[in-house]
Every structure is written in structure tokens, then in C-alpha cells.
Protein chains: 2
Amino acid sequence: MNRRMSPEARREALVQAAIRVIARGGVAAATTRAVVAEAKMPLGAFHYVFTSRDELLSEVVHTITDGERMAAELALLEGAGLEATVAAALASYLDLLIADPDRELALTELSLYGLRHDPALARRQHQLYFLEMEAVLRQVAERCGIRWTEPLPELARRLIVVTEGITGTWLADRDTDAARGVLRAVAAWVAASAERVDA
Amino acid sequence: MNRRMSPEARREALVQAAIRVIARGGVAAATTRAVVAEAKMPLGAFHYVFTSRDELLSEVVHTITDGERMAAELALLEGAGLEATVAAALASYLDLLIADPDRELALTELSLYGLRHDPALARRQHQLYFLEMEAVLRQVAERCGIRWTEPLPELARRLIVVTEGITGTWLADRDTDAARGVLRAVAAWVAASAERVDA
DNA sequence: TCGCCTTTTGGACAGTTGTCCAAAACTGGC
DNA sequence: GCCAGTTTTGGACAACTGTCCAAAAGGCGA
């Protein structure tokens, strides 16, 4: 449409439009026509910018699994105890999930799409979550003055597993109270794998 | 095809064919033509037996979430301790997952499909998992001579959450050792919510 | 064997999809 | 204002989809 829009800006606009379309109606709904309509671009703009629909979807997958998701979604409280800090971080993730379920549903669908389309890439992107979670755990330890008594990768994996599980379960039954209950129990569980470190 | 096949048998055959097709290529691949080809039936047989593709997919969703999945996948060992019993049950589920990942991937996809197509039904079907898990936990308690010290629904939910999480994580990274590690830790966690009951 | 009724079939149809590309719109230099 | 070169567009195309239905095949009593 707008002639002054740079090619990169157009790619980005289409990717964002695709994410909105997918959130609304699933990956299947993200047809070339639906996406350009959402982005208010002419049909021709699609293959002017992307060589194929698959390329767009790959870029979408890449965009939403980009580096800082986990860290952004797990907000850390200032100056609370260990268990409260972990619980608050998980709660902040749950709040995000509740605030925009369609987005997280789209994310899950896209993750499955990636798993089918390019398993190697999906695996690589998935590794990022573990690294991010480890970083968060390191931050938590520092802030709360504790040391983890179990290998960080194992703790991180447990939290990733639980996060994925809570997401899937809540998306299915929308039982927020129950989700918060699980979340509190998990926080206590994780907090048990730490010991105070003397300053 | 075979004239002697009863209508119900034909429905069932198409449903099973659809599950295989979906496991192989996702829900999108389950076109009417692909399904009848997999079932070695003529195209016309499809709408002779189902009124629409959606009806088939609904039946598929209903079939795979049918009543005894959880119980069947969580095998209980005879005569082991509590933690070992829980660990073994989770391990038996993991073994099934590893043995047929495509099937479980298809199941996840179908669950998402159901969530979009008919959220109310999906929620109802999801409830079954909790009930089944509670039943399994009751069985475990009886066999191991213990009493759960936390509400059964909460324990069941934690296990469902973890099961879903382990499934999603393993499907993404195929790290079996790590999955077993999580599983052991979860078994210990759950086992901590029990007390011996004197006979 | 014939005729009649039910079951079964695959060709046809309208709609949608991803993709291409000839033409239109636009740009900047003269 | 005009032209050569570039960017942008939306109509066209072939492939595929779900669905329908007229015709073919099959069964069965006579």
C-alpha cells in the first residue's frame, strides 16, 4: 500500500497481521488473503515480500519464540521471600495468559506447526526457553540470597514443564482458581530446592 | 467397498483411518479424500456415512478422549512403595509417548482443534482426565496403604498439569533422560503428600 | 431370469487456496 | 511534461477442497 514503507517494515507488518489472524482463527485461517487483508495491503504485496506462505509462517514462529519471551512473562518482585518470589513470577505469567488467551493458544498452535514443519528448528527454539528460565532462576537466587541445591538445568526444566502444563490445562478448562492452586504448590516445591547463603 | 460392512463398522474404520492420517500429517491433512484413501474406501463412502467432515473430526475427538485413556496409560505396578509406584505410572505413560510420538502429537493437535471448534465440549472432555486421575490416585493409595494429605482434586490436577507439560516438552526436544528426571522429581513431590495408614 | 428397490460409487460443481505475472502506478532525471 | 526504469497491484490460473447426486451395481423375491 503505502509506497514509502520499507520492505522490512512490510515484512514485520505482515508477520504481526498473521499473528492476529492466527490468534483469532488458528493457523488454518492464516491464508495469504486473510493476512494481507488484516494488514490492509493488496494481495500482490504478499509474494512481493515473502516467497511463500511457509516462509511467512516460519518467520512468525521465529518471531514469537524470540529470545526474551520467558523473561518478559515472568516478572520478578522486589524484596519478597523466595517462595513468594517464585509464586509471583508464575502468577505474572498466568495473568498474561488470562489477559490474552487467544494469543497463547495461537502460540501453542504455532509451536505444533513448527514441530511438524521443521522439527530441528523447533527444538533449537525450545532450548532458548530453558536458557531463559535458568537465567531467571539465577536472578531469583541472587535477589533472595539463596543457592539452589539442585542442578539449575533440572530446576529450569521442571518449571518449563509446569508452565506448559498450566497453560494447556487452563486453556482447556479456564479454571483460574485451580491454576493458582497448582502454581502455589509448585512455588513451594521449587523453593524447597534452595538453601540460605550467608552474606 | 465391502458391501457386508455395517454402517457402524464403516464409521469406525473411517475414524481410525482419520487418526492415522492426522498422526502422519496433522489435522489439515485429514481431507475427505485422504481419509477414504487411507481406509481404502471410495470417495462417495464418506458422505454416505458422515454428513460432513466436521462430524468426522468431532467423532475423532470424542474417540480419542474416551473415558479410559488416562487409566490405560498410567500402568500401576504391583507391590512397590508409594514413590516407586507413582514414578512407574508416570514412566509407563512416558514409554507410551516415546513409542508413538506421532499419535500423541495428533492428540494434542486434536485437542486444540476441539478447543477452537467446540470449547464447551472440549472442556467437558477435559474434566474426564481429572476424574480418571483421581481414580488412579485412589487406587494408588489403597495399594500402598497410604492416605493423601491434600485434597484429591488438587493432587490430580498437579499430575495432569505435569503430564501435559512433560508431553509438550518431550515432543519438542525429545530429551528422554531429562523427561525421566522430571518424572522422578514429580514422583517424590507427590509422594510427599501422603501419610501411612495403620491397618 | 427378470424386475424392483436399496446400497454404493465416482464424476461434477462451486468455492477457496497459493502463486504467478502482465499491466498499472509511480519515481526521479531531463 | 515526458520518458525509462522500478515498484506495486489485483486479476487469472491451476490445484485442491467439501459436498452433492445421477447413475451404476447389487440384492432378492417371483
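The basis for the numbers below is simple: all heavy atoms, side chains too, and nothing from hydrogens, waters or symmetry mates. Chain letters run A, B, ... following the sequence lines, proteins first and then strands; every chain starts at 1.
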Mind running a 4.0 Å heavy-atom check of residues 46-57 of chain A against DNA chain C and sending the residues that fall below it, in number order?
A:H47, A:S52, A:R53
Which residues satisfy the salt bridge (Lys or Arg N to Asp or Glu O under 4.0 Å) test with A:E59, sequence neighbours excluded?
A:R11
Show every side chain to side chain donor-acceptor pair (under 3.5 Å) that has at least one partner inside residues 22-38 of chain B, sequence neighbours left out.
B:R20-B:E38, B:R24-B:E38
For A:T51, give me all partners under side-chain contact (heavy atoms from CB on, under 4.5 Å), at least two apart in sequence or on another chain.
A:E55
Under 4.0 Å from OP1 or OP2 of D:dT8: is there any side-chain N or O of A:R10 that close?
yes
Figure out the CE/P separation between A:M41 and D:dT7, and round it to whole Å.
17 Å
Atom CD of residue position A:E142 - does it have more than 12 heavy atoms of other residues, nucleotides or ligands inside 6.0 Å?
no
Between D:dG10, D:dA12, D:dG18, spot the one nearest the side chain of A:P42, thanks.
D:dG10
Can you name the residues that form a side-chain contact (heavy atoms from CB on, under 4.5 Å) with B:P119, not counting sequence neighbours?
none
Run the side-chain contact (heavy atoms from CB on, under 4.5 Å) test against B:V27 and tell me which residues pass, sequence neighbours left out.
B:I22, B:R53, B:L57, B:E109, B:L110, B:Y113
Rounded to the nearest Å, what distance is computed from the CG atom of residue A:L43 to the P atom of nucleotide D:dT7?
20 Å
Which nucleotide wins on minimum distance to the side chain of A:R33, given the candidates C:dA12, C:dG18, D:dT9?
C:dG18
Quick one: list whatever passes side chain to side chain donor-acceptor pair (under 3.5 Å) with A:E104, sequence neighbours left out.
A:R69, A:Y93
Using heavy atoms and a sub-4.0 Å distance, could you list which residues of residues 20-31 of chain B are near DNA chain D? By number, please.
B:T31
Could you tell me which residues satisfy side-chain contact (heavy atoms from CB on, under 4.5 Å) with B:S193, sequence neighbours excluded, listed by chain and number?
B:T149, B:E150, B:L155, B:R158
